[in-house]
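Not measured: the values here are computed from a predicted model. Chain naming here is simple, since letters A, B, ... match the order of the sequence lines and numbering starts at 1 in each.
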Protein chains: 2
Amino acid sequence: MQPAGDEEAAPKQRVQDEIRRDIIFGSLPPGTRVTETALATKYGISRVPVREALRALEAEGFVESKPYAGSTVSKIPVDDAEDLFFVREALESATARRAARRAAAQFDSGAPSSEWWNARKLLAGILDEGDAAVAQNRLDLLPELNIRFHLGIAELSGSSSLTALLRQIAGKIEWLYATDVDNRGKESWGEHRSIIAAIDAGNFADAEKLMANHVHQSKEGYLDRFSTEQS
Amino acid sequence: MQPAGDEEAAPKQRVQDEIRRDIIFGSLPPGTRVTETALATKYGISRVPVREALRALEAEGFVESKPYAGSTVSKIPVDDAEDLFFVREALESATARRAARRAAAQFDSGAPSSEWWNARKLLAGILDEGDAAVAQNRLDLLPELNIRFHLGIAELSGSSSLTALLRQIAGKIEWLYATDVDNRGKESWGEHRSIIAAIDAGNFADAEKLMANHVHQSKEGYLDRFSTEQS
DNA sequence: TTACGCTATTTTGTATACAAAGCTACGAGC
DNA sequence: GCTCGTAGCTTTGTATACAAAATAGCGTAA
């Protein structure tokens with residue numbers, strides 16, 4: 001059994017990830033006009049899956065579309081980023097707290113459920129991957145790993161609702177993270193271990209506080225860096 | 001010029017609203033399996049716009065889809081509803097606060113911008129409509145009016161990011177609201193005027209607190225009613 | 001009787017073809 | 001010379017046709 005991710009995804013999913021990646025890493029700058037036919041020919045597929053991918057990216061906030069007028073890559077105004085961090089802080093404090101409570105419950109009730117254990121193992125792998133990336137100075141790998149870590153915490157919380165909400169804004173978080181990874185990437189990644197430790201210990205108060213701080217630091221770092229530029 | 005909403009929408013948008021409505025008001029109970037062909041024939045259109053509508057509803061959390069396995073109407077577990085209220089409280093406290101700040105800024109700087117003024121007038125109309133609905137005991141009209149009110153506050157805040165996030169969960173909010181409208185609909189609607197008053201007065205602390213309370217009350221009411229049923 | 005495997009049907013995913021709407025550019029009229 | 005209207009083109013929206021995957025049902029064998 002090979003690890004998930006190697007299996008070739010469906011065309012729709014593939015182009016969706018590809019386009020999002022192009023937006024996050026700058027190949028498609030904000031304001032760019034994207035046409036369905038161009039993307040279809042570029043990726044060698046029909047317009048139908050391209051349309052679906054664009055609609056999904058629209059829901060994630062990466063592109064904006066108007067009927068019969070096409071799609072353009074969204075901009076990230078600085079104050080919008082601030083709002084995003086604000087919501088994220090509330091959301092992720094909650095996931096961390098619940099994850100810690102659930103961890104404690106798992107151990108209290110004898111054997112942990114296989115679902116919980118799988119999520120926990122996945123998270124361990126992500127942490128190791130991230131540490132390796134930091135050690136090799138491959139900061140370009142961190143944005144995706146970062147979002148997988150935070151979604152992993154949400155999974156661990158057991159709340160499908162919180163997970164779904166976080167997933168909604170995950171793309172934008174990765175986008176912001178990618179623009180600031182050179183600045184705070186290493187330090188930010190280092191904070192992840194202590195969050196996990198608090199969760200494993202069932203210390204929900206610490207888990208919540210550490211996560212809130214973690215997000216808050218990211219926010220401050222981002223705003224310090226970009227609040228004066230105003231692209 | 002007739003009010004927006006009377007103009008016949010595009011088929012995709014139309015079926016999307018129709019399906020959502022059917023889910024919210026119970027014609028399509030949670031767990032129901034929905035097939036594209038059935039919906040297509042039902043609404044007399046092709047499968048393509050149906051697919052897009054389903055994908056959008058999936059993003060809103062109304063249906064869940066797996067590749068080649070179809071879509072089913074989502075369930076609303078009670079604890080997921082609690083999470084939703086939690087996020088909503090954080091989100092809407094922020095929109096109310098910003099709306100109040102912005103209102104004060106509009107008046108301080110001489111003449112209000114036409115954009116702000118339009119949003120404010122829209123909100124006034126919604127409030128009147130809601131009051132009329134309450135007076136005539138047409139509680140079935142309240143869910144939609146309620147969500148339009150809260151989105152209106154978000155518009156008034158001027159933060160497109162917060163508005164977009166709220167819009168993401170607006171459907172589910174309406175869904176929960178519809179299940180509890182008989183219980184708390186009238187009382188809940190009455191609280192809206194005081195929130196607007198605080199915003200108009202530029203009293204951001206009160207606006208934030210009133211909104212937080214408003215959402216909190218809804219949460220308590222919902223949980224009191226449904227926490228024991230566990231459908 | 002029950003469990004396993006195969007086939008047939010259903011349903012989703014994708015490709016191509018056509019219709020409708022918007023945008024651009026050119027030309028006529030003021 | 002400028003403006004408004006119109007024709008052509010580009011692009012999105014929708015319909016139909018075909019391919020791939022999964023599920024369900026039936027039959028066979030243990």
4.5 Å side-chain heavy-atom contact, Thr32(B) and Ile23(B):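 Contact flag for Thr32(B)/Ile23(B) side chains = no.
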
Arg88(B) and Phe85(B), any side-chain heavy atoms less than 4.5 Å apart: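 Result yes, sub-4.5 Å side-chain heavy-atom pair found.
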
Integer-rounded Å distance: [N] [atom2] and [X] [atom1]:
| X | N | atom1 | atom2 | result |
| --- | --- | --- | --- | --- |
| Gln16(A) | dG13(C) | CD | P | 13 Å |
| Ile45(B) | dT16(D) | CD1 | P | 11 Å |
| Glu52(B) | dT14(C) | CD | P | 13 Å |
| Gln13(A) | dA21(D) | CD | C1' | 17 Å |
| Lys12(B) | dT12(D) | NZ | C1' | 11 Å |
| Arg33(A) | dT24(C) | CZ | P | 8 Å |
| Tyr68(B) | dA21(D) | OH | P | 6 Å |
| Arg47(A) | dT16(C) | CZ | P | 12 Å |

With Gln16(A), the side-chain hydrogen bond (donor to acceptor under 3.5 Å, both in side chains) member among Arg55(A), Arg21(A), Glu52(A), Glu60(A):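 Single side-chain hydrogen bond (donor to acceptor under 3.5 Å, both in side chains) partner of Gln16(A) among Arg55(A), Arg21(A), Glu52(A), Glu60(A): Glu60(A).
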
5' priority, DNA chain C, between Pro67(A) and Pro49(A) [closest heavy atom]: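 Taking each residue's closest nucleotide, the earlier one in sequence belongs to Pro49(A).
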
Salt-bridge contact Lys172(A)-Asp80(A) (side-chain N to carboxylate O under 4.0 Å):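 Not counted as a salt bridge, because no side-chain N and carboxylate O are separated by less than 4.0 Å.
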
Short side-chain N/O contact to dT12(D) OP1/OP2 from Arg55(A), under 4.0 Å: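 No.
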
Short side-chain N/O contact from Arg51(B) to OP1 or OP2 of dT12(C), under 4.0 Å: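 No.
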
Sugar-phosphate, base or nothing in reach of Val34(B), heavy atoms under 4.0 Å: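 If one applies the 4.0 Å heavy-atom cut-off, Val34(B) turns out to touch the sugar-phosphate alone, with no base involved.
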
